[in-house]
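Heads up, the thing below is written out as structure tokens.
Chain A is the first sequence line, chain B the second, and so forth, proteins listed ahead of strands; every chain is numbered from 1.
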2 protein chains.
Amino acid sequence: MSDRGVLHLEEEILGDDYIDNISVDNLIFSMHEGKLKVLLAKYTQGYASNQWGLIGHWARLDENLNDAAARIVKQTSGVENLFLDQLGAFGQVNRYPERRIITVAFYSLVIYDDAKLVGGKNTNELAWFDVFEVPNLIFDHNVILSSCLEHLKYKVRHEPIGFNLLPEKFTLLQLQEIYEAILQKPLDKPNFRRKILKMNLLIDCKERQKNVAHRAASLYRFDLDVYHKLREFGFSFEY
Amino acid sequence: MSDRGVLHLEEEILGDDYIDNISVDNLIFSMHEGKLKVLLAKYTQGYASNQWGLIGHWARLDENLNDAAARIVKQTSGVENLFLDQLGAFGQVNRYPERRIITVAFYSLVIYDDAKLVGGKNTNELAWFDVFEVPNLIFDHNVILSSCLEHLKYKVRHEPIGFNLLPEKFTLLQLQEIYEAILQKPLDKPNFRRKILKMNLLIDCKERQKNVAHRAASLYRFDLDVYHKLREFGFSFEY
DNA sequence: ATATGTTATTGTCACATTAACAATAAGAGA
DNA sequence: TCTCTTATTGTTAATGTGACAATAACATAT
């Protein structure tokens, strides 16, 4: 079983129930202190030993790929009912040493404070990294990450994706920081405010920030109905 | 070998060189008479016998997934150097009977008149179908097609994707018809014209249509430099 | 030759959106 | 009360959009 060894967090339960040439890699993102973070694991065995990589595992034979991804995210971060979408398949011949393994990458967005990190048998560390300051990762994981960041830029303009990264009540600045982190550029605060509010996506909680050394911002939550409609039909957010 | 049977066009050459649980399915599109068409094959063997499906095959062990897709498109349509992009992996447990097979879908855009259709050993017919009038397809191919059409709608607004479907010299109406076919709605001709021309993507050939029973339209070709820049950096085409 | 049908192309205008920046408001702490 | 900081509202020029009118050009019918 050691030839399968490197990707799994729970190697001991591997057996014929897993597809041994198709892995699922997860890009788990969160926002913390105004920065976009990605969760990485430091592996302890096999080709990946002592190196950082995405949160990967094998897909089960009787499990849809999405379900495999959701399971892995849950096992690692404890987060359920999350935003999760497929990035795509990565299948370069030499992406993995020795054997031909294809991976399907999924990305998910979680609330930083909700995540309770749990390592697997094959990893000895889990940590959040600033997405623009990641070390050299195993296999083609740097490529996958870059590809995902590109995809996020694309996505954030057409779906209210940002909201999966925030607590229930949040300020407009918190939301703006997500856009700035993903789009990699500063946005004008007054204009951002008007643009977002015009979508009718936010509901004013009639509450304000507390314990801040300046004028307290209003707290908002999002309108789930509008939120799901916008996710379905899309919108345009061109900056 | 019959348990592998249904997806390949060239069954006779199958062997250990192929990955037997990962297939590549191709959505090959073209424009013809103002309609968006997709190429389908009627299979003759296995589970898919006598049914239409996408142009599928297995990936070789020593072949990148993209290369596999390009190879299949070339074998089937004769077209090389085409636009080809990955749609994503489809891996529902029951998408294929009996065995667990995951497919990676690719879509490509070809010029209708350039395609010289060549069937495989496993198919007895190849035909272009209007994308909105396809029959029931094998496995999850209808789902894959729907997903791809959605993706195209999304894509056509941000990249000059339409140009891969046209001959070197074309009229603005031909281009507009592509947008209308993909976006599924009529566009205003004068506004479309101005919008496209403002991108500086088109070069006036200083030629005109011939043998048309009305005022002849100018012929344009696209500026490859601008074209590639726009593909890289994207644009916004919101209708 | 002229009229007719058809599509191409240019023009116009009310309206919405964007981007950039000025000005004011509100809270905490000195 | 003053100062610092961020929130929020206001303003405006420039640009883009959508809808439609008007004119131009070509082949064919008369």
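- Between B:K189 and the phosphate of C:dA8, there is a side-chain N or O to OP1/OP2 separation shorter than 4.0 Å.
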Please list every donor-acceptor pair under 3.5 Å in which a side-chain atom of residues 206-214 of chain B meets a protein atom from a residue at least two apart or in another chain.
unit_1, atom_1, unit_2, atom_2, d
B:E207, OE2, B:K169, NZ, 2.5
B:R208, NH1, B:A216, O, 2.8
B:Q209, OE1, B:A217, N, 3.0

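- Side-chain atoms of A:F106 and A:L65, non-hydrogen and from C-beta on, do get closer than 4.5 Å to each other.
- Taking the side-chain hydrogen bond (donor to acceptor under 3.5 Å, both in side chains) definition, one finds that B:N66 meets it with nothing, sequence neighbours left out.
- A 4.5 Å side-chain heavy-atom check between A:V156 and A:L183 finds at least one atom pair inside the cut-off.
- Every salt bridge (Lys or Arg N to Asp or Glu O under 4.0 Å) that A:R231 has, sequence neighbours left out, goes to A:E159.
- When the P atom of C:dA8 is taken as reference, atom CG of B:L172 falls 9 Å away, rounded to whole Å.
- Rounded to an integer number of Å, the gap from OH of A:Y179 to C1' of C:dA19 is 18 Å.
- With sequence neighbours excluded, no residue satisfies salt bridge (Lys or Arg N to Asp or Glu O under 4.0 Å) with A:E33.
- Atom CD of B:Q176 and atom P of C:dT9 are 12 Å apart (whole Å).
- A:K195 has a side-chain polar atom (N or O) that falls below the 4.0 Å cut-off from OP1 or OP2 of C:dT18.
- Computed from coordinates, the A:I196 CD1 to C:dT17 P distance equals 14 Å when rounded to whole Å.
- OP1 and OP2 of C:dA8 both lie 4.0 Å or more from every side-chain N or O belonging to B:S218.
- For the pair B:L175 CG and C:dA8 P, the computed distance is 13 Å after rounding to whole Å.
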Review point. Tell me, for nucleotides 20-30 of chain D in 5' to 3' order, what letter each nucleotide earns: B for a base near a protein heavy atom under 4.0 Å, S for only sugar-phosphate near one, - for neither?
Key: BB--BBBS---
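- One atom, CG of A:L187, and another, P of D:dA7, lie 14 Å apart when rounded to the nearest Å.
- Spacing between atom CZ of A:R193 and atom P of D:dT6 amounts to 16 Å, rounded to whole angstrom units.
- Evaluation of the salt bridge (Lys or Arg N to Asp or Glu O under 4.0 Å) rule for B:E177 yields no partner, not counting sequence neighbours.
- The distance between atom CZ of B:F192 and atom C1' of C:dT10, rounded to the nearest whole Å, is 17 Å.
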